[in-house]
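Below is one structure; the comments refer to it alone.
FYI, side chains are in, hydrogens and waters are out, and symmetry mates aren't considered; it's all heavy atoms of this structure. Only a predicted model underlies this, so the values are computations on that prediction, with no experimental measurement involved.
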Amino acid sequence: VKRLREEVNFNGYIHVKAIPGASEELIYSAGLLADRISINMELPTEESLKTLAPNKPINNILRPMNSISKTIANHRVAIGKNARFERGSLSKSLVGVRPSGFISDKGFNYPAEINDEKLKRPFAPAGQSTQMIIGATSERDLDIIRTTQNLYRGFDLKRVFYSAYIPLNQDETLPDLDTPVPLLREHRLYQADWLLRYYGFDAEELLTEDNPYFDDRIDPKCEWAIRHIGDFPVEINTASPDVLLRVPGIGITGVKKIISARRYGNINFEMLKKMRITLKRAQYFITCNGKMLYRIPFEQSFIRNRIADLEHTEIMELRGETLQCTQMNLFSDFKLASGN
């Protein structure tokens, strides 16, 4: 990396992955040269690491991760920026939240040193990230997103990546070789991750001990809304930005458009379509001027089934069940109903 930066004069993006157990000095030097630095968790919990990677103690991963986080924060303060990354003006502030859950404070009490002569070059300006393998061990979705939440709040990570486990080796501690790759589960975790980072959701809001897995048929935001059907429908013209942000089919950009348009008058469904609000989901949870888009049963099972139908094709693709369809043409070989 040093050769790329100083000899070749490469100014493009560089992402360095640090090996657990690497010296703090080496990681610090890498952070001064790279845009992003990461240390992979590999697995979501300490118990899983002990089972599948006993040579990777959890503290060998978390201690340098904590040091990187502190160094990034110190450098940001030194150049006049906020210590922590901004995750969108509509999301909850994570400043000051301490690590919790399986992440222990033990061993994290030393600060990362900064050499004042090198402050001109920012330390890992694109932040740090990590990755977890999903499906190799028996964690529930709730366990995974709790770990993710703790990493974001305790170490201010920019991203947590998920990698669906592909069975390649036969071992009693691993899933069987014929186990399907959990691509749909990986997809749902990425959707939930987005809600944690930008929409102000907590892990315990999305899943509970009584309901520790995401629904295969619908995305986590729709699932949350259906489980909290008593909070809906919300009125587009009066609801607060934080409430609108929790409506399925309305994202951060959509909320900003709605709030801006409300200054000039009442909003109707035609206006929402022009704003590109996803009404095929949002219609079940909103009213405009006191009315819903259609007269539909406001009932959990009905809404769940309708939204599940919308995602049917996507789910088939993620499960590898996509139908091999082709367009008919006049020259295809086929038999008429008469048999001729």
Side-chain angles (χ1 to χ4, degrees), residues 90-92 140-142 144-145 182 184-185 187-196 198-255 257-259 261-262 266-319 321 323:
L90 294 173
S91 64
K92 293 181 180 178
R140 307 167 300 172
D141 292 343
L142 175 59
I144 295 168
I145 63 169
L184 178 56
R185 187 183 187 194
H187 180 61
R188 292 287 181 242
L189 287 167
Y190 271 118
Q191 290 176 318
D193 183 281
W194 195 265
L195 298 179
L196 294 177
Y198 295 113
Y199 286 69
F201 282 85
D202 291 327
E204 283 73 18
E205 288 184 280
L206 298 174
L207 294 174
T208 65
E209 290 293 338
D210 294 331
N211 182 36
Y213 293 95
F214 290 115
D215 193 323
D216 281 353
R217 301 184 302 157
I218 60 176
D219 71 79
K221 192 177 182 184
C222 288
E223 183 181 357
W224 175 87
I226 292 170
R227 285 194 284 108
H228 294 82
I229 198 69
D231 296 337
F232 297 98
V234 300
E235 172 56 45
I236 284 291
N237 290 291
T238 58
S240 68
D242 287 338
V243 170
L244 290 175
L245 196 59
R246 294 194 167 215
V247 176
I250 302 180
I252 293 174
T253 300
V255 171
K257 289 179 179 179
I258 291 169
I259 298 301
R262 289 195 321 204
N266 284 346
I267 298 173
N268 57 38
F269 284 105
E270 283 302 315
M271 295 172 68
L272 291 177
K273 289 179 182 178
K274 292 179 181 179
M275 294 178 196
R276 297 189 176 181
I277 301 300
T278 310
L279 287 179
K280 62 183 181 181
R281 287 181 172 80
Q283 63 174 310
Y284 303 106
F285 306 99
I286 61 173
T287 59
C288 286
N289 303 305
K291 297 181 180 180
M292 299 189 76
L293 180 58
Y294 302 110
R295 290 191 177 186
I296 56 175
F298 194 64
E299 195 270 329
Q300 284 179 315
S301 60
F302 173 82
I303 297 173
R304 183 183 295 275
N305 290 334
R306 291 294 295 270
I307 293 177
D309 288 341
L310 294 175
E311 298 199 15
H312 181 67
T313 301
E314 178 186 87
I315 290 172
M316 290 180 66
E317 291 175 351
L318 287 166
R319 285 177 170 169
E321 301 171 359
L323 296 175

Query raised in the report: Looking only at atom types and distance, does a side-chain atom of Asn305 sit under 3.5 Å from a main-chain N or O of Ser301, one as donor and one as acceptor?
Result: yes
Query raised in the report: Can you tell me how far the OH atom of Tyr190 sits from the CG atom of Leu195, to the nearest 0.5 Å?
Result: 15.0 Å
Query raised in the report: CH2 of Trp224 to CZ of Phe214: how many Å apart, nearest 0.5 Å?
Result: 13.5 Å
Query - Greater than 12 external heavy atoms within 6.0 Å of Arg262's CZ - result: yes
Query raised in the report: Run the side chain to side chain contact (heavy atoms under 4.5 Å, CB included) check on Phe285 and Ile226 step by step: do they pass?
Result: CA-CA 9 Å; Phe285 306 99; Ile226 292 170; 4.1 Å; yes
Query raised in the report: Is there a donor-acceptor pair under 3.5 Å between the side chain of Arg188 and the backbone N or O of Asp215?
Result: yes
Requested in this report: Measure the CZ-CG distance between Phe201 and Leu206 for me, rounded to the nearest 0.5 Å.
Outcome: 6.0 Å
Query raised in the report: Ion pair present between Glu299 and Arg306, side-chain N to carboxylate O less than 4.0 angstrom?
Result: no
Query raised in the report: For the side chain of Glu223 and the backbone of Ile218, is there at least one donor-acceptor N/O pair under 3.5 Å apart?
Result: no
**Report entry** Backbone N/O of Glu204 and side chain of Asp202: donor-acceptor pair under 3.5 Å
**Finding:** no
Requested in this report: Decide, yes or no, whether a salt bridge links Glu205 with Arg246 under the criterion of side-chain N to carboxylate O below 4.0 Å.
Outcome: yes
Query - Exam field: side chain Lys221 to backbone Ile250, donor-acceptor pair closer than 3.5 Å - result: yes
Query raised in the report: Do Ile236 and Leu244 pass the side chain to side chain contact (heavy atoms under 4.5 Å, CB included) test, and can you show the C-alpha distance, the side-chain angles, and the key distance before you say yes or no?
Result: CA-CA 7 Å; Ile236 284 291; Leu244 290 175; 3.9 Å; yes
**Report entry** CA sep, side-chain torsions, deciding dist, call: Arg140, Glu209, side chain to side chain contact (heavy atoms under 4.5 Å, CB included)
**Finding:** CA-CA 10 Å; Arg140 307 167 300 172; Glu209 290 293 338; 2.8 Å; yes
Report summary line: Value for CD1 (Ile296) from CD1 (Ile303), rounded to nearest 0.5 Å, stands at 6.0 Å
Query raised in the report: How about Phe298 and Ile229: do any of their side-chain heavy atoms sit closer than 4.5 Å?
Result: yes
Query raised in the report: Does Glu235 reach the main-chain N or O of Gly290 with its side chain, forming a donor-acceptor pair under 3.5 Å?
Result: yes
Requested in this report: Measure the CG-CD1 distance between Leu272 and Ile258 for me, rounded to the nearest 0.5 Å.
Outcome: 5.5 Å
Query raised in the report: Do any N or O atoms from the side chain of Asn237 and from the backbone of Ile267 form a donor-acceptor pair under 3.5 angstrom?
Result: yes
